[in-house]
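Input: a single structure, listed below in structure tokens.
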Amino acid sequence: NAKSVPVEVDLVQTGLDRGRWSRDYRVISEDVPGAQINSDQRKWVVPIPANGKREFRVTFATRY
């Protein structure tokens, strides 16, 4: 973020629903709590500090 004020970035993960074999997943960890939009999408709103950087990580687990 090159701005002199903090910003929030919307991150959306798609492709989570690829048929019945991939619906069995869990979020093991995430840096910012996310919201499940539907079976295929999860969204995070990540704050970025003024004149700074932010690394964001999320870990999914599935049995397949």
Check your understanding: Distance-only, no hydrogens or angles: does the Asp40 side chain make a donor-acceptor pair with backbone N or O of Thr14 under 3.5 Å?
Key -> no
Point to revise | Distance-only polar pair, side chains of Gln13 and Arg42, donor-acceptor under 3.5 Å | key: no
Point to revise | Exercise: identify the closest heavy-atom pair between Asn1 and Pro49 | key: ND2-O, 3.2 Å
Review point. In chain order, what residues pass the salt bridge (Lys or Arg N to Asp or Glu O under 4.0 Å) check against Lys3, with sequence neighbours excluded?
Key: none
Point to revise | Residues clustering with Val45 (ILVMFWY side chains joined when closer than 4.5 Å, directly or via others) | key: none
**Study point:** Reported CG-to-CZ distance for the pair Leu16 and Phe60, which is rounded to 0.5 angstrom
**Key:** 5.0 Å
Listed pairs under 3.5 Å, donor-acceptor, residues 50-59 side chains, sequence neighbours left out:
from, atom 1, to, atom 2, distance (Å)
Arg54, NH1, Pro47, O, 3.3
Glu55, OE2, Arg57, NE, 2.7
Glu55, OE2, Arg57, NH2, 2.8
Thr59, OG1, Ser29, OG, 3.4

Exercise for review: Report yes if the side chains of Lys43 and Leu11 come closer than 4.5 Å at any heavy-atom pair, otherwise no.
Suggested key: no
